[in-house]
Amino acid sequence: MKLATFNINGVKARAEVLGRWLDTSAPDVAVLQEIKSVDEAFPRALIEDRGYHLETHGQKGFNGVAILSKLPLHDVTRGLPGDESDEQARYIEADIGETGLRVCGLYLPNGNPAPGPKYDYKLSWMERLRARAAALIAREIPVAFAGDYNVIPQPEDAARPDAWREDALFLPQSRAAFRRLETMGLYDALRLRHPEPGLYSFWDYQAGARPKNDGIRIDHWLLSPKAADRLTDCWIETAPRDWEKPSDHTPVWVELAA
DNA sequence: ATGGTAGGGGGCCTA
């Protein structure tokens with residue numbers, strides 16, 4: 001079973017890219033971030049006409065996540081538990097068919113400028129994610145947390161780490177919170193298979209970042225022990241970043257044994 | 001040190 005995470009940066013602006021990607025790469029499951037659409041305006045036919053089940057958690061203007069799957073989606077949860085006052089649409093969970101796998105799609109807050117209230121929100125959101133992960137890991141089921149974490153875990157995850165030293169994506173507290181997810185028993189799938197530097201999932205639209213390969217790795221799959229046991233491969237699909245009218249992110253994949 | 005690009009919504013915010 002092949003699963004991908006893809007920050008598409010606007011589902012309506014990305015209809016052509018998304019359709020082409022589903023047709024050619026054919027994920028069994030995909031989580032999408034930054035759909036930037038309310039649920040009623042989501043172009044469902046784009047997904048459903050290709051044989052996918054679809055669950056969305058959108059809001060007006062920005063943020064918004066979705067999960068699509070060839071197998072039916074069960075027990076869908078919208079919103080990250082832990083703060084009833086949080087109205088930002090950044091999190092969705094669902095069980096995949098009868099596989100026993102639970103997939104969590106997340107769009108972690110950017111956090112800039114730091115310090116400030118946006119950075120405080122990022123760190124508190126990461127603490128809520130840690131608590132949610134602990135609750136799901138305690139069930140001893142395979143769980144996969146995938147999405148745009150807006151965290152550069154290590155210097156080798158950026159072409160120019162020094163340019164990010166003061167950025168919320170690379171500040172020590174952000175990296176420590178990400179490491180905390182790993183030390184509690186979640187595995188960074190890409191690093192289980194690929195220790196080499198220079199693997200990126202995001203290139204800014206500005207300043208020719210893509211042709212210069214001035215990228216960062218911020219889209220991740222974190223796997224619970226039982227999900228990591230099923231991992232057979234993990235890779236970054238760079239081609240869609242070079243298609244016409246691309247997202248600034250590109251898909252990151254895992255293959256899990258059924 | 002600045003500005004460079006993109007999407008969405010509506011005359012600016014977020015990234």
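As a basis for the values below, the full set of heavy atoms in this structure was taken, side chains included, without hydrogen atoms, waters or symmetry mates. Numbered from 1 within each chain, the chains take letters A, B, ... in sequence-line order.
Between A/Q206 atom CD and B/dT5 atom P the separation is 7 Å, expressed in whole Å. Nucleotide B/dA15 holds its C1' atom 10 Å from the OH atom of A/Y205, rounded to whole Å. One atom, CD of A/E244, and another, P of B/dA6, lie 12 Å apart when rounded to the nearest Å. At whole-Å resolution of the value, CH2 in A/W203 and C1' in B/dA15 are 17 Å apart. Atom-to-atom, CD of A/Q33 to C1' of B/dA15 comes out at 14 Å; the value is rounded to the nearest Å. Residue A/I35 contributes atom CD1, which lies 15 Å from atom P of B/dA15 at whole-angstrom precision. Atom NE2 in A/H249 sits roughly 13 Å away from atom P in B/dG7 (whole-Å rounding). Rounded to a whole Å, the CD atom of A/E166 is 13 Å from the P atom of B/dA1.
Between A/R130 and A/E127 there is a salt bridge, with a side-chain nitrogen of the basic residue lying less than 4.0 Å from a carboxylate oxygen of the acidic one. The pair A/D188-A/R217 meets the salt-bridge criterion, since a charged nitrogen lies less than 4.0 angstrom from a carboxylate oxygen. Ionic pairing of A/R20 and A/D23 is not present here: no N-O contact between side-chain nitrogen and carboxylate oxygen is shorter than 4.0 angstrom.
Rounded to a whole angstrom, the distance from the C1' atom of B/dC13 to that of B/dG9 is 10 Å. Here, B/dG7 and B/dG11 have their C1' atoms 15 Å apart, quoted to the whole Å. Between B/dG4 and B/dG10, the two P atoms lie 26 Å apart (nearest whole Å). B/dG3 and B/dA15 have their C1' atoms separated by 15 Å, with the value rounded to a whole Å. Here, B/dA6 and B/dT2 have their P atoms 23 Å apart, quoted to the whole Å.
Annotation: of the two residues near DNA chain B, A/P109 and A/K245, the 5′-most nearest-nucleotide partner is A/K245. Comparing A/K60 and A/G111, the nucleotide of DNA chain B nearest to each residue sits closer to the 5' end for A/K60.
Within the structure, every pair that satisfies the ring-ring contact (aromatic ring centres under 6.0 Å, His included) test and touches residues 196-220 of chain A, not counting sequence neighbours, is listed here: A/Y149-A/H220, A/F178-A/H220, A/F202-A/H249. Pairs of residues two or more places apart, or lying in two chains, never qualify as ring-ring contact (aromatic ring centres under 6.0 Å, His included) while including a residue from residues 52-72 of chain A. Among residue pairs with one or both ends in residues 8-39 of chain A, those qualifying as ring-ring contact (aromatic ring centres under 6.0 Å, His included) are A/F6-A/W21, A/W21-A/W253; sequence neighbours excluded.
A/R210 is listed as a side-chain neighbour of A/R241, based on a closest heavy-atom distance under 4.5 Å.
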Do any N or O atoms of the protein come closer than 3.5 Å to N or O atoms of nucleotides 12-14 of chain B, and which pairs are they?
residue: B/dT14; atom: OP2; partner: A/K118; partner atom: NZ; Å: 3.2

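Side chain to side chain, A/T56 and A/D39 meet the donor-acceptor criterion of an N or O pair below 3.5 Å.
Other cluster members for A/L171: A/Y119, A/L123, joined by side-chain heavy-atom distances under 4.5 Å among Ile, Leu, Val, Met, Phe, Trp and Tyr.
Within a heavy-atom distance below 4.0 Å of DNA chain B, the residues of residues 7-22 of chain A found are A/N9, A/G10, A/K12, A/A13, A/R14.
Residues A/D233 and A/H194 approach most closely at OD1-NE2, 4.4 Å, considering heavy atoms.
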